> 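Have a look at the structure that comes next, please.
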Amino acid sequence: MLEKIEHLKVEIENLTASSPEEVEALRIKYLSKKGEISALMNDFRALSGEEKRTLGAPLNQLKDFATEKIASLRESLENKEVDAAAFDMTRSAAPMRLGTRHPLSVVRNEIVSIFSRLGFSIAEGPEIEDDWHVFSSLNFAADHPARDMQDTFFIQRNPDVLLRTHTSSVQSRVMEKTQPPIRIICPGRVYRNEAISARAHCFFHQVEALYVDEHVSFADLKQTLLYFAREMFGPDTKIRLRPSYFPFTEPSAEMDISCNLCGGKGCSFCKHTGWVEILGCGMVDPNVLDACGIDSKKYSGFALGMGVERITNLKYQVKDLRMFSENDTRFLREFTAAH
């Protein structure tokens, strides 16, 4: 029996396995109740006392050796599986940096969040629009300069199909289908036929807001603007309204905020005035309400609109508008902490 024990020890020492199934087969062969070591144990019971004292220790050592060997084979296979799973053959050989949100998206989301706290919901519309929703329904005269080919991208020379020049078209679409109260904010991309430079681009982003209900007044507009300015630029921000003109609002105004760089004391950014213009606003012209099917004698409302790039410039002092659309990762990484 001692010779057989030595033979099994050498055999077990040379065991190999390439899969968990093979390891389990080896365990059954040597360590199960019907395995070879169990068969030796059965033969051991029939031996004399002297033989048991001689063979007992080698037999127990064989069983322990077999148990350790099979456990070692199983562990080595598990480690190989972990290593294979950790090695992704689809990964790039070069290290890849994590992306960040675009600064325009960061600012847009912040604007939307502020107005959402005031009860405004998001409304969206098509970027390819018709003349009615972009101009006629918003009280633009037939000879208004904004309709000129120099300002507007028309589709295939069709004067009725164009790329929207402002997101006010979304407001007219909502007013056509919805009766007051209406309280919406309209973020989106707009297009104008302008030369691309550090201060202008042929496409940019706007966020416009519209509130229509009974007894809406200019005081409601002013309080909304003040709340927005202080939430966006800080609690010490001041605002001022200057008379202006827009076809779709009457009265109309442009809003300035106290310069957030110099605190209103005057610097090169605010041209030493202490004020920076950020948006246009006004009370919705009754002609616009009537054109969209809303009774202007019963309802009134206010509208406001701002360029997202303009607000982003004020917050982060980006000097060149073209940087927003060049997808330069060095520029975008500067805004990692912005969100």
Side-chain angles (χ1 to χ4, degrees), residues 1-110 112-113 116 122 124 187 189 205 312 315-316 318 322-339:
M1 178 178 282
L2 183 60
E3 184 178 337
K4 190 169 185 180
I5 291 174
E6 292 297 329
H7 175 75
L8 281 177
K9 186 174 182 180
V10 172
E11 185 178 314
I12 292 171
E13 187 175 6
N14 294 321
L15 290 178
T16 60
S18 58
S19 67
E21 291 76 13
E22 291 184 11
V23 173
E24 179 62 14
L26 293 175
R27 186 194 69 79
I28 293 173
K29 178 179 179 181
Y30 293 102
L31 295 173
S32 67
K33 291 182 178 180
K34 296 183 180 180
E36 295 191 25
I37 294 178
S38 295
L40 284 178
M41 291 288 189
N42 292 333
D43 294 341
F44 177 79
R45 295 187 184 95
L47 297 177
S48 64
E50 185 65 27
E51 290 175 317
K52 285 182 178 180
R53 282 190 291 272
T54 303
L55 299 173
L59 188 56
N60 287 330
Q61 291 172 1
L62 175 65
K63 184 177 181 181
D64 292 340
F65 179 74
T67 302
E68 292 174 2
K69 180 65 177 181
I70 290 174
S72 175
L73 290 174
R74 182 179 288 109
E75 184 178 353
S76 65
L77 286 174
E78 290 175 352
N79 291 337
K80 286 183 180 179
E81 290 179 0
V82 172
D83 292 342
F87 188 71
D88 184 0
M89 295 291 291
T90 65
R91 289 187 62 182
S92 170
M96 298 180 66
R97 293 179 178 271
L98 293 177
T100 64
R101 289 192 183 276
H102 195 282
L104 294 180
S105 296
V106 173
V107 173
R108 173 194 176 277
N109 293 343
E110 188 173 355
V112 170
S113 175
S116 295
I122 295 178
E124 296 180 334
R189 181 181 294 181
H205 300 79
T312 307
K315 287 182 71 68
Y316 302 119
V318 179
R322 292 170 293 190
M323 298 181 72
F324 290 128
S325 55
E326 289 178 346
N327 292 324
D328 188 331
T329 56
R330 295 170 300 176
F331 168 71
L332 297 178
R333 281 198 296 271
E334 295 180 13
F335 300 88
T336 302
H339 48 89

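Note: hydrogens, waters and symmetry copies are ignored here, and every other heavy atom, side chains too, is used. Predicted, not measured: the structure shown is a model, and the values here were computed from it.
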> Quick one: salt bridge (charged side-chain N to carboxylate O under 4.0 Å, His left out) partners of E36, sequence neighbours excluded?
none
> Check side chain to side chain contact (heavy atoms under 4.5 Å, CB included) between L332 and all other residues, then give those that pass, not counting sequence neighbours.
T100, H102, P103
> If I compare all heavy atoms of P187 with all of I122, which pair ends up nearest, and what's the gap?
CD-CG2, 4.0 Å
> Which residues pass the side chain to side chain contact (heavy atoms under 4.5 Å, CB included) test with S325, sequence neighbours left out?
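Residues passing side chain to side chain contact (heavy atoms under 4.5 Å, CB included) with S325: H201, F203.
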> How long is the straight-line distance from CZ of R74 back to CG of L26, given to the nearest 0.5 Å?
10.0 Å
> Please tell me if the side chains of V107 and H205 come closer than 4.5 Å, counting only heavy atoms from C-beta onward.
no
> Let me see the working for S116 and V112 under side-chain contact (heavy atoms from CB on, under 4.5 Å), right down to the final yes or no.
CA-CA 6 Å; S116 295; V112 170; 3.8 Å; yes
> Sequence neighbours left out, what passes side-chain hydrogen bond (donor to acceptor under 3.5 Å, both in side chains) with S32? Give chain and number order.
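Not a single residue meets the side-chain hydrogen bond (donor to acceptor under 3.5 Å, both in side chains) criterion with S32.
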> S18: which residues meet the side chain to side chain contact (heavy atoms under 4.5 Å, CB included) condition with it, sequence neighbours left out?
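Per chain and number, S18 pairs via side chain to side chain contact (heavy atoms under 4.5 Å, CB included) with E22.
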> Might you work through the salt bridge (charged side-chain N to carboxylate O under 4.0 Å, His left out) test for K29 and E24, ending with a clear yes or no?
CA-CA 9 Å; K29 178 179 179 181; E24 179 62 14; over 6 Å; no
> Please list, chain by chain and in numerical order, all residues satisfying side chain to side chain contact (heavy atoms under 4.5 Å, CB included) with L31, sequence neighbours excluded.
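Residues passing side chain to side chain contact (heavy atoms under 4.5 Å, CB included) with L31: R27, I37, K63, A66, T67, I70.
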> Identify the heavy atoms of L73 and T16 that sit nearest to each other, and give their distance.
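Result for this residue pair: CD2-CA, 4.2 Å.
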